[in-house]
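Some notes on the structure that comes next.
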Amino acid sequence: MSPACDKKPGPNGLRALGQSPLPPDLVDAMLSWYGEMRRDLPWRQTRDPYAILVSEIMLQQTRVETVINRYGSFLERFPTIADLATASLDDVLAEWSGLGYYRRPRLLHRLATVVVNTYGGKIPDTLEELLELPGIGPYTSAAVGSIAFGIPALSIDGNVGRIMCRLAGIADDTRRTKVRQKLEAMAADAIECHPPGTFNQAIMELGARVCTPRSPRCDQCPCSSYCEAHALGIEEQIPPRRSKLVKAVTEYAAVIEDNGRLLMLRGQRPSLVSDMWEFPTLDSRLADTSSGSLSEKPVSSRSRAQEAKLSRYIKEQLGWSVQLGPKLGEIRHGMTDRRISCHVYEASLSGSQTTMAGAPTGLEKSDHNIPDSGWFTIEEVMALALAASARKTLTTLLDVDLTSPQSPG
DNA sequence: TTCCGGGACG
DNA sequence: CGTCCCGGAA
């Protein structure tokens, strides 16, 4: 099963890098560069899996320069995983103070407890077991597994994803599963043929110091002659800018009140996480599909058309006839890829419809991905899993007091 | 001054 | 998807 670690020309000599394995010459050049240029970081001077794990947790979302200053004192304070498990969470948080993302020390503390209780204090040495531990995801399991235990797994962090996508000329989002699988396939041979931990750290180091997001130093890069993006001159376009791709999106939402209850729904729009509740909302994808030269109409006429469309949508999709009231305001909601501005209207039921008191359709039968709706009191709404925009609507447009007593539990 | 990048979880 | 946080770069 061992891969072709010997360097042979192979049948496809000059083919573009594309998605084929990393050329051995490229890998050799990168590893030589690393051997020469590697920094003597504290966590590179230990073989203790616990110390390695701590470094990887600290390095999540945090720069090397920052971690250097805190790593030593953390290990001094909690030299072994047993010490960490025994310590109080408050002590761990205090030691972590200033590093940010305080979920990490919480989960690390919980991880220590798990390792002590179920693994006898020894950090497990398989990817599957590592992945099960609190705070350890795909990246960290591969990093710890490869560095501490020599498991041949590619740890794809931002650096690694960026480099490999540039090498292969993949102008796609690194975090997509399909892309990650491609990268793993590309590196599979290389990581079998070299010490996996060294390989992972070499490529990460290259990403941190040479193949940077902006202004990459291709003239100093050992891999530039193999790099598809460099050949095409598109290295700065990879990976695609996430925040530059923000699209302005307009939505229309209705706060429908009847008998002290609000109509809420979820699972109606495919783009939303299935568990998140929201006010009935007209997507701009639906809103903008009206005929003709929409953009040439005056704004007031355009938004009146959307208001009509909103009530028609509620009637057709949810079966309620509503009377749109005054506009409450506008919620702006930044997302990774979209800047949403949501026009929120007050609304009430027209005619003699009756809302079902109590027993909203939603609360108990919360199967995933099932379109769901119901009438909720304000208190119930506040207890729902709300999308952020809905909560924003409640607090900024409806003056719901966040500090008001919540339902117990 | 603002903007941007970034793993895991729920 | 949205949140968590900070610091370096623009």
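Order of the sequence lines fixes the chain letters, A, B, ..., with proteins taken first and strands second; residue numbering starts at 1 for each chain. Keep in mind the model is a prediction, meaning the values are calculated, not measured.
Side-chain N or O atoms of Ser350(A) include one that pairs as donor or acceptor with a backbone N or O of Ser321(A) at under 3.5 Å.
One can place CG of Asn200(A) at 15 Å from C1' of dG7(B), the figure rounded to the nearest angstrom. Arg70(A) has its CZ atom 14 Å from the P atom of dC5(C), to the nearest Å. Rounded to whole Å, atom P of dC4(C) lies 18 Å from atom CG of Leu99(A).
Taking 4.5 Å as the limit, some side-chain heavy atom of Met164(A) sits within range of a side-chain heavy atom of Ile203(A).
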Result block: side-chain N/O donor-acceptor pairs under 3.5 angstrom for residues 66-73 of chain A, not counting sequence neighbours:
from: Asn69(A); atom 1: ND2; to: Glu65(A); atom 2: O; distance (Å): 3.2
from: Arg70(A); atom 1: NH1; to: Ser97(A); atom 2: O; distance (Å): 2.9
from: Arg70(A); atom 1: NH2; to: Glu95(A); atom 2: O; distance (Å): 2.8
from: Arg70(A); atom 1: NH2; to: Ser97(A); atom 2: O; distance (Å): 2.9
from: Tyr71(A); atom 1: OH; to: Ala51(A); atom 2: O; distance (Å): 2.8
from: Ser73(A); atom 1: OG; to: Arg70(A); atom 2: O; distance (Å): 3.1
from: Ser73(A); atom 1: OG; to: Glu95(A); atom 2: OE2; distance (Å): 3.2

Only pairs under 3.5 Å count here: list side-chain donor-acceptor contacts from residues 141-148 of chain A, not counting sequence neighbours, and write none if there are none.
from: Ser141(A); atom 1: OG; to: Gly137(A); atom 2: O; distance (Å): 3.0
from: Ser141(A); atom 1: OG; to: Pro138(A); atom 2: O; distance (Å): 3.0
from: Ser146(A); atom 1: OG; to: Ala142(A); atom 2: O; distance (Å): 2.9
from: Ser146(A); atom 1: OG; to: Ala143(A); atom 2: O; distance (Å): 3.1
from: Ser146(A); atom 1: OG; to: Asn200(A); atom 2: ND2; distance (Å): 2.9

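Evaluation of the salt bridge (charged side-chain N to carboxylate O under 4.0 Å, His left out) rule for Asp91(A) yields Arg77(A) as partners, not counting sequence neighbours. The salt bridge (charged side-chain N to carboxylate O under 4.0 Å, His left out) check on Arg176(A) picks up Asp172(A), with sequence neighbours excluded. Partners of His194(A) by side-chain contact (heavy atoms from CB on, under 4.5 Å), not counting sequence neighbours, listed by chain and number: Val27(A), Asp28(A), Leu31(A). For Ala208(A), the side-chain contact (heavy atoms from CB on, under 4.5 Å) test picks out Arg39(A), Asn159(A), with sequence neighbours left out. Residues satisfying the side-chain contact (heavy atoms from CB on, under 4.5 Å) test with Glu129(A), not counting sequence neighbours, are Tyr119(A), Pro124(A), Asp125(A), Thr126(A).
For Tyr101(A) against dG7(B), no side-chain N or O and base N or O form a donor-acceptor pair under 3.5 Å.
Not less than 6.0 angstrom separates the ring centroid of Trp96(A) from the ring centroid of Tyr101(A).
Counting only residues at least two apart or in different chains, side-chain hydrogen bond (donor to acceptor under 3.5 Å, both in side chains) contacts with residues 102-113 of chain A comprise Thr62(A)-Arg104(A).
Residues Asp83(A) and Thr86(A) have side chains that never bring a donor and an acceptor to within less than 3.5 angstrom of each other.
Non-hydrogen atoms lying under 4.0 Å from DNA chain B are contributed by Gln60(A), Gln61(A), all within residues 48-68 of chain A. For residues 123-157 of chain A, proximity to DNA chain B is found at Leu133(A), Pro134(A), Gly135(A), Ile136(A), Gly137(A), Pro138(A), Tyr139(A), Thr140(A), Asp157(A), defined as any non-hydrogen atom under 4.0 angstrom from a strand atom. For DNA chain B, the residues of residues 158-166 of chain A within the heavy-atom distance limit of 4.0 Å (strictly under) are Gly158(A), Arg162(A), sorted by number. For DNA chain B, the neighbouring residues in residues 102-112 of chain A, judged by any heavy atom under 4.0 Å, are Arg103(A), Leu107(A).
Using bins of under 30°, 30° to 60° and over 60° for the plane-to-plane angle, the ring pair His343(A)/Tyr252(A) lands in the parallel bin.
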